[in-house]
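Here the structure is laid out as structure tokens; the discussion comes afterwards.
Reckoned from all heavy atoms, side chains included, excluding hydrogens, waters and symmetry mates. Order of appearance sets the numbers: ligands from 1, and atoms from 1 within every ligand.
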Amino acid sequence: MRTARGHYGLKMTTRVRASKTAESRLDYWRSFTFGKALVLEADCLNWLREQGPNTVHAVVTDPPYGLFEYSSEQQQKLRNGKGGVWRIPPSFDGVQRAPLPRFTVLSPQDLRALELFFLEWAKALIPVLVPGANVVVATNPLLSYVVSAALAKAGLERRGEIVRLVMTMRGGDRPKAAHEEFPDISVMPRSMWEPWLLFRKPLEGRAQDNLRKWGTGGFRRPSLEKPFGDVILSAPTHKSERALAPHPSLKPQQFMRTLVRGVLPLGQGVVLDPFCGTGSTLAAAESVGYESIGIEKDPHYFEMAKKALPRLAVFKNGSNHLLSL
Ligand SMILES: C[S@@+](CC[C@H](N)C(=O)[O-])C[C@H]1O[C@@H](n2cnc3c(N)ncnc32)[C@H](O)[C@@H]1O
């Protein structure tokens, strides 16, 4: 809700009118607030279609990829430890790794479905964004081209990518069942980074006009001397952080805070995460003093977020400073 020129407040309500679409079986969405964050249990497409125009100033999100991996059937398999699209990596050096979805199993039809999903999503999102709003979408090198094409086709303007410099523990890189025969071969490059697509809603006029009118159209610099950069040093999410928010796709606060702080150039406005999981974007927004809204459709993760968000917002570890190159 707009409270004054350039100032937006969250409407603090615990019951929000639900979409009237056929898929929605709920009369009202459940929600909770923590600090300046509001979390709703809803399908984000339904929610987005109910929002007024020009109400969100930035999006930072980590969407589902197989689309399928967050279906209730696949989530049940994950919770039962019975595979499905989720791969449980073997423990290594006595350290148990977090489950990973098998992105490579996507067929051409799945890729087309993914493209159509992101096209529909971006079309629902664009009216809700203010001109110049940054849209940052976590992806992976195998699928980023599909998502990027869909977002551009929907009318968002591509502004590059932000590289999360991280080495996650993925499976072996040698030829499967022939690693002894080809000991010096890597079938795929060992992943050492994660792409976060960077788009924005086209500006209204020049950057300075847009900044004055909407408070968007750029990035907040880490300091006067230092520009916002497109490579952010990171590390895999630490187990002490995972213990606070046991979501299989939890992103670390250290990285999220650097990114989220940067997406509101004047430090004012609302950050939206339409696929919020346990709320790592919202926790980062809270820790840097921003207003935020998160949407999560799975009741299990929505409940998890209630406990996790307040803990993540104050989470500190040894390297808990804002990082950028
Ligand atoms: C990759 S996870 C995000 C995890 C998040 N980064 C975190 O740190 O907790 C994607 C989340 O989106 C949710 N989701 C999937 N489809 C959705 C939809 N249509 N609307 C809202 N949430 C959705 C899934 O249940 C899942 O929790």
Side-chain angles (χ1 to χ4, degrees), residues 16 18-19 21 23-24 26 29-31 37-51 59-76 78-79 85-86 98-101 103 113-114 116-125 128 136-140 143 147 164 166 168 194 196 234 236-238 241-257 259-260 271-287 292-313 315:
V16 180
S19 150
T21 59
E23 301 102 273
S24 173
L26 298 167
W29 285 314
R30 290 198 300 150
S31 67
L38 165 68
V39 184
L40 295 118
E41 184 192 318
D43 184 307
C44 67
L45 283 172
N46 292 339
W47 183 83
L48 283 168
R49 289 178 183 134
E50 292 251 316
Q51 301 314 299
V59 172
V60 176
T61 195
D62 169 24
Y65 273 97
L67 298 180
F68 177 60
E69 83 264 19
Y70 282 101
S71 64
S72 35
E73 187 201 339
Q74 291 297 323
Q75 282 294 303
Q76 203 51 52
L78 171 65
R79 281 161 208 163
V85 77
W86 288 88
L100 292 166
F103 297 121
L114 193 67
L116 291 177
F117 173 80
F118 279 102
L119 188 60
E120 193 184 354
W121 177 75
K123 282 187 177 163
L125 177 67
V128 176
V136 191
V137 181
T139 180
N140 67 71
L143 298 173
V147 184
R164 175 182 169 214
V166 62
T168 48
E194 185 177 82
W196 287 61
S234 184
T237 312
H238 193 263
E241 199 168 346
R242 285 195 184 281
L244 302 179
H247 189 292
S249 308
L250 183 70
K251 300 289 178 188
Q253 280 301 294
Q254 183 194 45
F255 168 77
M256 294 305 295
R257 288 174 190 167
L259 178 61
V260 169
V271 178
L272 170 69
D273 185 348
F275 303 102
C276 81
T278 43
S280 52
T281 300
L282 280 70
E286 189 61 28
S287 90
S292 61
I293 301 176
I295 316 293
E296 171 55 50
K297 81 168 183 192
D298 185 322
H300 176 75
Y301 294 134
F302 172 80
E303 287 302 327
M304 202 186 268
K306 274 189 196 165
K307 285 194 191 142
L309 204 166
R311 294 176 185 168
L312 290 174
F315 178 75

TODO: Report, in ascending order of atom number, the atoms of ligand 1 lying under 4.0 Å from any heavy atom of A42.
DONE: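 Per the distance check, 20 (N), 21 (C).
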Open item on the list: Below 4.0 Å from ligand 1: does a non-hydrogen atom of L45 turn up there or not?
Closed with: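 It does not; every heavy atom stays at 4.0 Å or beyond.
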Task: N or O pair under 3.5 Å between T278 and ligand 1 - done: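 Among all N and O atoms of T278, at least one is under 3.5 Å from an N or O of ligand 1.
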Open item on the list: E296 versus ligand 1: do any nitrogen or oxygen atoms come within less than 3.5 Å of each other?
Closed with: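 Yes; the residue has a nitrogen or oxygen that sits under 3.5 Å from a nitrogen or oxygen of the ligand.
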Using a 4.0 Å heavy-atom cut-off, say whether [X] meets ligand 1 through its side chain, its backbone, both or neither.
X	value
A245	neither
F275	both
P274	backbone

TODO: Inspect the contact between K306 and E303 and indicate whether a charged nitrogen and a carboxylate oxygen are less than 4.0 angstrom apart.
DONE: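 K306 and E303: salt-bridged.
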Open item on the list: What I want to find out is whether R30 reaches E296 closely enough, with some N-O distance under 4.0 Å, to be called a salt bridge.
Closed with: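 No, R30 and E296 are not salt-bridged.
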Open item on the list: Can you confirm whether K307 is buried at NZ, in the sense that more than 12 heavy atoms of other residues, nucleotides or ligands lie under 6.0 Å from that atom?
Closed with: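 No, the 6.0 Å shell around NZ holds no more than 12 heavy atoms from other groups.
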Task: Main-chain N/O of F315 paired with E241 side-chain donor or acceptor, under 3.5 Å - done: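 Judged by distance alone, no pair lies under 3.5 Å.
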Task: From V60, D43, L48, D62 - option closest to atom 1 (C) of ligand 1 by heavy atom - done: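 Among V60, D43, L48, D62, the closest heavy atom to atom 1 (C) of ligand 1 belongs to D62.
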